[in-house]
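Remarks on the structure that follows.
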Amino acid sequence: MRGDLWLPGRAGLPVHFVSEDFAVLSVPRGGRVKDVVPLGTGGFRQQAFVRRGVVVYEVPGGGDVLTITVDRPAVDVVTGALTARDDTGEGDGLRVARWHRVRVPQLAALLLGGAFVLGLVGVHTFGLGREVTAEVTEARDGMCRVVWQDPWDPSLTRHARVDCYEGEKAGDPLRISARPWPARGEAADLDVLHLTVFGASALGLAGAAGVLAASRTGARRLRLLREHLRHGGLASDRPVRRVAVPWWSWAAGALGLAGLGLMALAYGFGQPVRAEVTAITAYGCAVAWADPWDGSRHTAEVDCDGVSRGDVLEISALPWPLRGEAFDRDFTPVALGILTVVVLGAALLGAVLRSRRARRARPLLPVTATMTVSRDQDGSGDEAGAGIVVDTADTADTADALDRSRLAAVARLLHERKGVGGGGKELRPEPDPGTGPWWRSPVLRRIVLASGIAWGALIALVATALWSGWWWGTAYQQATGRTERATATVQYLHEEFALEPWLLPGAVEVRFDVPDGRRVVTDVEYGGSAPAEGATVEVEYAVDGPSAARIAGDPGLGRGLWVSGAVVVVALVRLVWCAVSTGRVLRRLLRAVRQGQGRDFDYLLLPPSGEEPGDTTFLLVLFEPGAEQPVAVMDTVPAAASLPPEGTLEMRSLPEEPAFAVAWTGGRPVWPGGPLVLLAEDEDEEEHLRRYVTGLVPPGVVLDVPSTPG
């Protein structure tokens, strides 16, 4: 089950677990934390990014064991609370500070973060910025190049590109907001303010709804826990209705209500007016109209079809707080209505699927059974919760979990179940690694591609090379050859994005002539304010390759080299680290196959536990021939699914490196996914194996374990 783990302030009180369906479990404190297992592995079972941890806790007195899965930052808090023995406070231990009652799910945090960033950009641009009148120097596809005097330093002339929808042309005035430091020299159209406010409000509303819903559910669970404690763990006679609506359903409902509100604002309270089409843009029509409330002139961009410049289009002018914006009356109401219905349907579906029927409150459950980690079938669950499920197998099964007969029954059971294992499935023959190169093995190729190559670093390296390769070419040609200077004319300003030019350099296309009469057209970088099209700049170029040019004295090229060089170094270090570590493991395994000593073992093959999505690792449990207790375990690659559930194999390894062993059966290797672990040398691993195989038996299933004489 999944739910909340409540840690009382007094050590003398037990820890309590309240599940999603409001069942309560009392966990005594003062026991022993036997292990903390990180969840997250990759490659040859090397630890990778770890998000969660499993706390293996032995309850005092009875010897029962709980496995509790929590987020990684909470592991130390949970282990400290479970092992505490002395009282550290007074009261019932369930007095929770108001701040700690606030729950912030991950997606809600992303929505709130997006609203904060969007709001921060709006405050920086329109709150701290200065409103100025700029002159349009060029208008094309709904974008205008404008020039204005810096409001903080009138001696500076600034150039930028902004949105424009009024059919502006060169020479027209345009009101803009000049951005302050660190984006000084950039500007934004004042009409963007309305969209910024609406976007930040919608994201913030959805995130806040998720936080409120998750916090309300947590408060209900705490209230139920207090009721149980007041009644001494006895069930109440009063039926309690438990309706658990997920937080994302509340967030979707908030977005749906926002859509309904926007439609009501636009088409209920808005005024239909006739607007003039001033331009056809890449995404619709630029229209202008007289405000129906005070007669002032407004402009906006709306969807349109089959109209030309100068035509009259009927639109809906929005009132306050979106005054100055407009929607068309054909396509937008249909599209916005369909989107709103879909979002509200998702909210209603979440409420229906996750609702609980009316039920009576349950008593506190004593810790009298072995607990194992479990997941919901769809892999979903509360990120801040813990997973516990009771093993309800028949109590007549008293055999040790590591007895060979019981392990064999587990292996047979799981291989017979659909979707678990593939015993007997024929795979492509594996070539003998002792007589040829390792890359002939398809299994080893897949392992090396998965573990030996850091694909994220490789993608970052290729993207950086494509983006900044010409910067390095320019720097190399200018550093290794003679350079000259020339006066160039700016022909075109390339599109910018958020990091340009204050972190990464921007680029402009310039034209200049060299002494031999050639005319050169090339791109150059700039690190400060963007030069205007038609302006002149002094460039420094390589005589042997005039296309390798830079603006004289501008820091843009150097800044780009430092940023891209740092990314390249980090990506290369990651690539080399993965290749070297995987290569070391691969060399040791090949030495074990080619030079190692062979030893026969009986084995049992256990399939993946299914606790982690994408876990395809099979477990080989090894026995001395005829023995009843295992002596070693080893993870294997998914190709081991072709083996029968039990049989005999040869284990090859070098005496000085017994952990790097390779199983050999049927004339081909079974490559490992991790080191060979000898149980006699690692008592904790034996206990891990016992808990693991116990959790593989589904609840309520009775194993067919043959009885042994005596």
Side-chain angles (χ1 to χ4, degrees), residues 118-119 121-122 125-127 129 131-136 138-146 160-170 172-178 187-203 258-337 339-340:
L118 198 58
V121 170
T125 301
F126 302 104
E131 186 176 340
V132 298
T133 300
E135 179 183 351
V136 178
E138 181 187 1
R140 183 170 54 189
D141 296 332
M143 299 291 296
C144 287
R145 301 184 186 278
V146 294
R161 304 203 316 169
V162 299
D163 296 314
C164 56
Y165 311 110
E166 297 185 24
E168 291 87 353
K169 56 185 181 296
D172 289 348
L174 182 65
R175 296 295 292 175
I176 62 172
S177 180
D189 177 33
L190 291 178
D191 288 338
V192 180
L193 173 61
H194 300 148
L195 300 179
T196 303
V197 171
F198 178 76
S201 302
L203 292 176
L260 286 177
L262 182 60
M263 291 188 64
L265 186 70
Y267 301 104
F269 299 97
Q271 296 293 325
V273 297
R274 296 173 65 82
E276 178 187 359
V277 178
T278 58
I280 304 299
T281 67
Y283 306 103
C285 294
V287 296
W289 73 94
D291 189 282
W293 291 278
D294 61 9
S296 59
R297 178 180 172 84
H298 289 295
T299 61
E301 185 178 21
V302 299
D303 290 307
C304 62
D305 185 27
V307 298
S308 304
R309 183 171 180 173
D311 291 349
V312 176
L313 184 67
E314 187 177 35
I315 62 172
S316 182
L318 274 64
W320 184 90
L322 296 180
R323 197 165 170 183
E325 294 296 323
F327 288 155
D328 71 284
R329 302 182 67 85
D330 294 326
F331 173 76
T332 300
V334 177
L336 186 59
L339 182 61
T340 301

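- The side-chain heavy atoms of L313 and I315, taken from C-beta on, include a pair separated by under 4.5 Å.
- Across all non-hydrogen atoms, the minimal contact from T196 to G122 is CG2-CA, 3.9 Å.
- T332 meets the side chain to side chain donor-acceptor pair (under 3.5 Å) test with D303, D328; sequence neighbours excluded.
- Shown here for A317 and W293, the closest heavy-atom pair between the two residues is O-CH2, 3.7 Å.
- In terms of heavy atoms, A275 sits closest to V287 at CB-CB, 3.9 Å.
- With hydrogens and angles disregarded, no donor-acceptor distance shorter than 3.5 Å links the side chain of T133 to the backbone of P173.
- Annotation: R175, atom CZ; neighbour count of heavy atoms from other residues, nucleotides and ligands within 6.0 Å is above 12.
- The two atoms that bring V302 and A326 nearest to each other are CG1-O, 3.5 Å, heavy atoms only.
- Remark: L190 CG to T125 OG1 distance equals 11.0 Å, nearest 0.5 Å.
- Counting all heavy atoms, side chain and backbone alike, V307 lies closest to C285 at CG2-SG, 3.4 Å.
- Residues satisfying the salt bridge (Lys or Arg N to Asp or Glu O under 4.0 Å) test with D330, not counting sequence neighbours, are none.
- In this structure, the separation between OG on S316 and CD on Q271 is 8.0 Å, given to the nearest 0.5 Å.
- When atom types are taken as modelled, the side chain of R309 and the backbone of T278 share a donor-acceptor pair closer than 3.5 angstrom.
- The CG atom of L262 sits 10.5 Å away from atom CG of L339, with the distance rounded to the nearest 0.5 Å.
- Separation of atoms CZ (R274) and CG (D311) is listed at 10.5 Å; rounding is to 0.5 Å.
- Side-chain contact between L265 and E325 is absent, with no heavy-atom pair separated by less than 4.5 Å.
- The salt bridge (Lys or Arg N to Asp or Glu O under 4.0 Å) search around R329 returns none, not counting sequence neighbours.
- The two atoms that bring R297 and A288 nearest to each other are NH2-CB, 3.2 Å, heavy atoms only.
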